[in-house]
Number of protein chains: 4
Amino acid sequence: MTSRFPIRTDLAVEARESSLSGSGASQISGVLFQQQQAAGGRIQVSRVLVQNEKGARALGKPKGNYLTVEAQDLWKDEGGIHREVSRVLARQIRALLKEAGLSPSSRVLTAGLGNPAVTSDSLGPQVLGNLRVTRTLDREGTVSGIAPGVMAQTGMEAAEVIRGVIRETEPEALLVVDALAARSVRRLGTTIQLTDTGIHPGSGVGNRRSRLDASSMGIPVIAIGAPTVVGAAAIVYDAVENLLEGVEAEHRYQVVRELVESRLGPMIVTPKDVDDRVRRLSFVISEGLNIALLGDAYTGA
Amino acid sequence: MTSRFPIRTDLAVEARESSLSGSGASQISGVLFQQQQAAGGRIQVSRVLVQNEKGARALGKPKGNYLTVEAQDLWKDEGGIHREVSRVLARQIRALLKEAGLSPSSRVLTAGLGNPAVTSDSLGPQVLGNLRVTRTLDREGTVSGIAPGVMAQTGMEAAEVIRGVIRETEPEALLVVDALAARSVRRLGTTIQLTDTGIHPGSGVGNRRSRLDASSMGIPVIAIGAPTVVGAAAIVYDAVENLLEGVEAEHRYQVVRELVESRLGPMIVTPKDVDDRVRRLSFVISEGLNIALLGDAYTGA
Amino acid sequence: MTSRFPIRTDLAVEARESSLSGSGASQISGVLFQQQQAAGGRIQVSRVLVQNEKGARALGKPKGNYLTVEAQDLWKDEGGIHREVSRVLARQIRALLKEAGLSPSSRVLTAGLGNPAVTSDSLGPQVLGNLRVTRTLDREGTVSGIAPGVMAQTGMEAAEVIRGVIRETEPEALLVVDALAARSVRRLGTTIQLTDTGIHPGSGVGNRRSRLDASSMGIPVIAIGAPTVVGAAAIVYDAVENLLEGVEAEHRYQVVRELVESRLGPMIVTPKDVDDRVRRLSFVISEGLNIALLGDAYTGA
Amino acid sequence: MTSRFPIRTDLAVEARESSLSGSGASQISGVLFQQQQAAGGRIQVSRVLVQNEKGARALGKPKGNYLTVEAQDLWKDEGGIHREVSRVLARQIRALLKEAGLSPSSRVLTAGLGNPAVTSDSLGPQVLGNLRVTRTLDREGTVSGIAPGVMAQTGMEAAEVIRGVIRETEPEALLVVDALAARSVRRLGTTIQLTDTGIHPGSGVGNRRSRLDASSMGIPVIAIGAPTVVGAAAIVYDAVENLLEGVEAEHRYQVVRELVESRLGPMIVTPKDVDDRVRRLSFVISEGLNIALLGDAYTGA
């Protein structure tokens, strides 16, 4: 029996772990998993491929590719790991563009989702701030970017704004950058996920209500996200689980769900140095984008 | 003979003064002018109505209504004038909406043009920050807002972004807020202009390249602007004019044009307290919008 | 027996509740408690007076006055409660100044503690942004202000910076504004505490390491704080408590302490709309300060 | 006869040029001038040494060393010049520290002067944002930093705040970073000046009123500044000068002074892309500081 308690995670690797630990099995039908290392073992790259509907149900994630780049040193100020991670990201972005039948010189719109006034939700807008935008009305450049804001500030879904901009400016692909929620606090500031499945309702720090994928946008969508928060419910659940190892699971779920639904729903858990972690993530991701999209023309920040 | 030197101003009242002083006449054919006062004489409201193509040529401004609200105390921290100015603005916004066949409860998109990272160009984004946005996907609200950014940051014209958003969300009117360039330094922080003609190429602090009017947007467009800079050329021209009262005009134009084109084109003149002035203007304008659009439902900041 | 588990709260009213619920008693020796209402019951004002060392030990708070102003509607956008709360705060600030032998026209330095880049810790700097500073080198004004930053950014304790500024500019009182940690999520955005005991090590969102009180600063210190976060441990403890009503307390403490110390120490819980709540709190507090210190000279924001 | 019109410049190299052009001579008594190049001619380094009171009067600058680092490509996004300029700055900072009898590992306080809310005046605070601060209460680090704000916001002179912090934390040297006013628009974003004479009243974008030098601070002071504005008067004077080549100088001075004093005093001229130029300057300067002060321990941004 798989775990049924809806502790939210936006990371496919965590959804896989959770599903496996619920069932006791060592693999999930319809879900392929691969791992490799880079930078002398300091960077782990995992690939979760959700192959069919069965795999999608088991993980609670749409069919498609989920690449995870992870470096435990990423939130520290050490030894050039940032540049390495950016290069790994650039390779993955190029590979995903290629799989979508595109090239780095295709016309690409980058959207930075999230609320710039909430530190943990500001990853998307911060990445845009470092992005080299090259599109102009007259010249040849192909990279454009937009921060669509959040509904509380604009009265519009990010998806509405982006779809309008796509209709008007006709890019060939959409890259979406967003802050995510993880299951485990050790993911905060250390992990970046890329996927060709886009962004789905309930994901992102702000629980985006909008669907941002190839079918809603009409062009290929690559989502790049990094967890900056953990839901308060996850913290509580871990505590309860440790405490009640012998107690039947159903009772645990009930108590935690009650707490979650009544009081903790809108609460998020962040590390105190969330500003530093978000700044480093945004730098690494924007450099990854700049290298991927500008290539040799890009001489660095 | 009218003045032919293209000292730039975004204010119709200044274009009118300049045209009159060039010709020595007391009125301009095709241009109607009215003035009244409010708040016991502390607020002046002027109306320039450009009636036909002849008037448009004389002023270098499209046909339409230009309302100017002016209060010399506006940039100071004094005696409640801010609230009065907001109320006058609210009345004018409602009147312009009515002339366009709309009401305060029509669906309105407000766009804040400009670059939030340049103080003198940040009026539009700052107004959005204070605007009460009420549109939601499910409820009844009608006010939405967007800061489309500037081309150097997004790779897109503001007009492209806004047109896309209009196509997608179908508002009934567009309100555009922008920082303007004036001819005279005494206008900075004291004057607000409303017009039903929209924004035209070459206007705004950033010399917007995009046309934002009813014909390009497909819905009525009301532009609300306030001057925060004077072009460097205007300062130079004034100096030269004072100095060379007896000298023929053609020589003056030549010298100044040379300076302007070669060195000063991209230079702007701002007061040192530009941050305070922009903050006050943005507060007054957003309150004007809130009162106009929310009416009795709005109990104040 | 009183509760011994160190769930952190910066609010004296919560420390009192926690101490009472641990002991089952209805009052604490050495601690006086009073309550009253304002604005037709929409605002509660409580006073906790820690009279002696016995009371200080029971509450884990230094001897002195703790005033709490609470309004459940404060984080909502409703009916003018903000102005009422500012007026109540102004009265309390004046009363505390008077008890310290000072008047509203005494020379006052206001320090806004915290990290402007972390939304939940930015209350102090945001209050400074709205404060009317009147001190000048030549004129008569008496209000000055400083945001000393956080050690990670300056390499200095806030207390070092402030003590230096006091030695140099010789104010008669120090007002310190800081974001606090509460025990209960319902306090976030609804509660403001004033105390004449200053700020003590371990308090504030950032767990300030510096002591800021009359004895370390050499002048009277009034601290104004508002909770914007709850420690992750508090959330966990509540869950465990609900779950294990029949289980002995010692076991609970042990499990939760382990979690807290190993993984959750640096984690904080915030509401998703923390930006709105902090903005409203900072507005209300700065208006309270402006009214208290400028009185009739202050005509409002 | 030397030029007597007080067109303001904070750069010693411009004061020297202006003095020479007024007199027609090729050198100034009491002022030594040297030039060299770096980075294959892309960077010019000049040294103006004001040797005595006579030289100080001729230039209107205190006795001491003025080093100017200039790169015309600095405000562009090109070919790694930023890193080269940072390295040249680092060498100069170390040389100035050495001349003051100090080393890179001496205890250094860096102060970023200016108003973060005015783009052209935000250089100092932006440099602090990138500075690696290493001082802590317990460990060995020696670099601390403070942004003292501007009087309109704090009610205190920057000099008061900094002197207080020095008394309290006892650094061995003060590094002050500030935005400057130049005489020529081509200096904006391309030139950085270092001097061991500190900051003097009337200098900086905000016309600092405070004196920040070794005698007022009690420790060696090194000022690092970069021009981001030109006074409006300079622009006007250039126009008048071109126009009136044959006219006697006295008349010119009179007209321009009148304009300057009556209307343009508080007006500043900035390029429209002032945000980009300030961001690049702040990056180059903070990297220069990081390399100078951290040396091999610093692996880059």
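Lettering of chains follows the sequences in order, A, B, ..., and the numbering in each one begins at 1. Every heavy atom of this structure was used, including side-chain atoms; hydrogens, water molecules and symmetry mates were not.
- Scanning all heavy atoms of the two residues, the minimum distance from B/Val118 to D/Val274 falls at CG1-CG1, 4.2 Å.
- For B/Val205, the part sitting under 4.5 Å from any heavy atom of chain D is the backbone (N, CA, C, O) and nothing else.
- In this structure, the portion of B/Asn115 lying under 4.5 Å from any heavy atom of chain D is its side chain and not its backbone.
- Once rounded to the nearest 0.5 Å, the distance linking CE of B/Met267 with CD1 of D/Ile268 reads 12.5 Å.
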query: So D/Val229 and B/Lys272, side chain to side chain contact (heavy atoms under 4.5 Å, CB included) or not? Walk me through it.
result: CA-CA 11 Å; D/Val229 308; B/Lys272 279 184 183 167; over 6 Å; no
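- With chain B as partner, the option from D/Ser120, D/Gly206, D/Ala117, D/Ser122 having the largest number of non-hydrogen pairs under 4.5 angstrom is D/Ala117.
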